[in-house]
Amino acid sequence: KDFSGRTAFVTGGANGVGLGIVRNLLNEGVKVAIADIRQDAIDEALATLDNREVMGVQLDVSDRASFKEAADRVEAEFGPVSLVFNNAGINLFQTIEDSSYDDWDWVLGVNLDGVINGVMTFAPRMKERALSGEVHGGQIVNTASMAAFIAGPIPGIYNTAKFAVRGLSYSLRYSMAEYGIGVSMVCPGLVKSHIYASDEIRPDALKGEMQPVNENAVQQLAGVHEFGMEPDVIGERILEGIRNNQMHIFPHPEHKDEVRELGEEVLEDFRDYPQDPGYEQRIGFENMR
Ligand code: NAI
């Protein structure tokens, strides 16, 4: 697939995974909008990229109205968006029982509502343009995580959001297929990124019930993230996944066995009950799932 001439919208594009995607898209001749909440990071990225085919737009993805405005601005300047990367994300490293409602609102607001807002803004536009013949094809790419499959005690809210992004992505993939629009979900393991510094951008309104930031833990996380995969490598693998219209894009092959084990654990929980008598009659309905 040739992406050149298309326009892409990359949330969280000023750092980490998003910036890796942006670089790879620019190399392919795609016009790219970096949509990020950090204006300083946008400015820095634009200066480093030094390319006329990239623009910045400040956006909090959890804000529905701003999302629409940002999309309108980008389309007015760069034309119809047909590659959407719902990638912005934050993390909070604490168990569910130690979390507050503010924690839930913040993490779900960015990691889940952010994806929902991207889909609700762009999917209807892409569908309409496919039906009218104005733009053919395109892809919606949601950054989930290995945490969309593998849960642990610490990233409780993060797991919740990423599992939900997985459900959304599967369903949307079925419904958009008939318009020739692909949907993919990216599931990285550890990436060299800024995510350990998420606290810096937590809105004041959601800080009320916040536990004091554990600077020690943040430093440790920063150290671990140094050993993460390079964003440019991830970006390259993401583009390859889109070219093949893959549902899942797993940049880190080292997690394959965990997914296999999980699948086996799930199957083991099925019991050998006799088939339910009504099953034959409801087959058609079950296929609508
Ligand atoms: P990052 O912190 O380096 O980049 C994320 C970008 O999103 C930042 O530039 C940040 O300013 C922006 N952002 C945060 N909240 C935003 C908001 N409300 N609106 C708009 N932009 C916002 O982090 P990273 O790691 O590149 O994260 C990108 C995605 O990758 C996230 O969805 C994350 O959950 C996912 N991921 C990251 C992994 C890692 O090891 N770093 C592993 C698996 C998935």
Side-chain angles (χ1 to χ4, degrees), residues 9-23 33-46 48 56-67 69-71 85-93 105-118 121 141-150 152 154-155 157-166 168-169 185-203 205-206 218 221-235 237-238 248-252 254-255:
F9 190 98
V10 185
T11 70
N15 275 301
V17 177
L19 189 53
I21 295 170
V22 169
R23 280 213 179 84
I34 294 179
D36 204 287
I37 199 168
R38 287 181 164 102
Q39 184 63 51
D40 55 337
I42 294 178
D43 294 342
E44 207 181 311
L46 293 180
T48 318
V57 55
Q58 192 183 16
L59 167 67
D60 176 351
V61 292
S62 65
D63 181 331
R64 292 177 184 168
S66 314
F67 212 121
E69 277 167 31
F85 295 85
N86 292 308
N87 164 80
I90 49 161
N91 204 350
L92 189 62
F93 302 89
D105 289 346
W106 181 46
V107 179
L108 293 186
V110 180
N111 292 6
L112 178 56
D113 291 347
V115 176
I116 293 173
N117 296 341
T121 302
V141 185
N142 300 325
T143 305
S145 167
M146 284 312 301
F149 288 87
I150 314 289
I154 299 296
I157 307 181
Y158 188 81
N159 278 142
T160 307
K162 296 297 187 180
F163 272 61
V165 167
R166 185 171 151 214
L168 180 159
S169 304
M185 174 179 72
V186 186
C187 302
L190 200 73
V191 185
K192 197 175 204 169
S193 84
H194 233 75
I195 201 160
Y196 61 85
S198 294
D199 269 318
E200 286 173 7
I201 46 172
R202 179 162 169 149
L206 296 178
V218 174
L221 284 165
V224 172
H225 279 273
E226 265 308 293
F227 295 104
M229 186 177 274
E230 289 292 340
D232 286 358
V233 175
I234 301 237
R237 294 182 185 179
I238 292 173
H248 309 96
I249 301 175
F250 290 114
H252 294 67
E254 42 297 8
H255 293 293

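Each ligand, and each atom within it, is numbered from 1 in the order the structure gives.
For the pair Val17 and ligand 1, the shortest N or O to N or O distance falls below 3.5 Å. Geometrically, ligand 1 and Asp60 share a nitrogen or oxygen pair separated by less than 3.5 Å. Considering backbone and side-chain N/O of Leu59, one or more are found under 3.5 Å from N/O of ligand 1. Checked against a 3.5 angstrom limit, the closest N/O atoms of Pro188 and ligand 1 fall outside it. Among the atoms of Leu190, none of the N or O lies under 3.5 angstrom from an N or O of ligand 1. Taking only nitrogen or oxygen atoms, main chain and side chain alike, Ser145 does not reach within less than 3.5 Å of ligand 1.
Here the side chains of Asn111 and Val165 are not in contact, with every heavy-atom distance at 4.5 Å or above. Residues Pro188 and Met229 have side chains not in contact (no heavy-atom distance under 4.5 Å, counting atoms from C-beta outward). Residues Met146 and His252 have side chains not in contact (no heavy-atom distance under 4.5 Å, counting atoms from C-beta outward). Here the side chains of Leu19 and Pro231 are not in contact, with every heavy-atom distance at 4.5 Å or above. Taking the side chain as every heavy atom from C-beta outward, Leu92 and Ser198 never approach each other to under 4.5 Å. Contact annotation: the side chain of Val61 approaches that of Phe67 to within less than 4.5 Å [non-hydrogen atoms, C-beta and beyond].
For Glu44, the CD atom is loosely surrounded, since the number of other residues' heavy atoms within 6.0 Å does not exceed 12.
Judged by distance alone, the side chain of Thr11 and the main-chain N or O of Asn87 form a donor-acceptor pair under 3.5 Å. Put simply, the side chain of His225 gets close to the backbone of Val191: a donor and an acceptor are under 3.5 Å apart.
Interface atoms of ligand 1 facing Gly189, defined by a heavy-atom separation under 4.0 Å, are 38 (C), 40 (O), 42 (C), 43 (C). Set against the non-hydrogen atoms of Ser193, the atoms of ligand 1 under 4.0 Å away are 3 (O), 23 (O), 24 (P), 25 (O), 26 (O), 41 (N). Under a 4.0 Å criterion applied to the non-hydrogen atoms of Gly12, ligand 1 contributes the atoms 6 (C), 7 (O), 12 (C). The ligand atoms of ligand 1 that sit less than 4.0 angstrom from a heavy atom of Thr143 are 29 (C), 30 (O), 32 (O), 35 (C).
Evaluated for a side-chain contact (heavy atoms from CB on, under 4.5 Å) with Arg64, the options Thr121, Ile116, Asn117 yield exactly one hit, Asn117.
Here the protein heavy atom with the shortest distance to atom 10 (C) of ligand 1 is Arg38 NH1, 3.2 Å. Of the protein's non-hydrogen atoms, Val191 N, 3.5 Å is the one closest to atom 39 (C) of ligand 1. The closest protein non-hydrogen atom to atom 37 (C) of ligand 1 is Tyr158 OH, 4.1 Å. Nearest protein heavy-atom neighbour of atom 14 (C) of ligand 1: Ile201 CD1, 3.2 Å. Protein heavy atom closest to atom 11 (O) of ligand 1, with residue, atom name and distance, is Asp36 OD1, 2.6 Å. Among all protein heavy atoms, the one lying closest to atom 19 (N) of ligand 1 is Val61 N, 3.0 Å. Of the protein's non-hydrogen atoms, Ile195 CD1, 4.0 Å is the one closest to atom 27 (O) of ligand 1. Atom 16 (C) of ligand 1 has as its closest protein heavy atom Ile37 CG2, 3.7 Å.
Ligand 1 has Val110 within reach: a non-hydrogen atom of the residue lies less than 4.0 Å from it. The shell of residues lying under 4.0 angstrom from ligand 1, judged by heavy atoms, includes His225. Proximity of Tyr196 to ligand 1 is not established, as no heavy-atom distance is less than 4.0 Å. Within the 4.0 Å heavy-atom cutoff, Ala144 counts among the residues contacting ligand 1. At least one heavy atom of Lys162 lies less than 4.0 angstrom from ligand 1.
What you find for Val22 and Gly13 is that their closest heavy atoms are CG2-O, 3.8 Å. Here the closest non-hydrogen pair linking Leu46 and Gly56 is CD1-N, 3.9 Å. Contact record, Asp232 with Gly20: OD1-CA, 3.6 Å, taken as the closest heavy-atom pair. Contact between Asn91 and Ile195 at its shortest, heavy atoms only, is N-CG1, 3.9 Å.
At a heavy-atom cutoff of 4.0 Å, ligand 1 is contacted by both the backbone and the side chain of Asn87. Contacts with ligand 1 closer than 4.0 Å are made by no heavy atom of Pro231, backbone or side chain.
Taking CZ from Arg38 and NE2 from His194, the interatomic distance works out to 5.0 Å, rounded to the nearest 0.5 Å.
The option from Gly89, Ala35, Gly18, Gly16 that lies nearest to atom 5 (C) of ligand 1, judged by heavy atoms, is Gly89.
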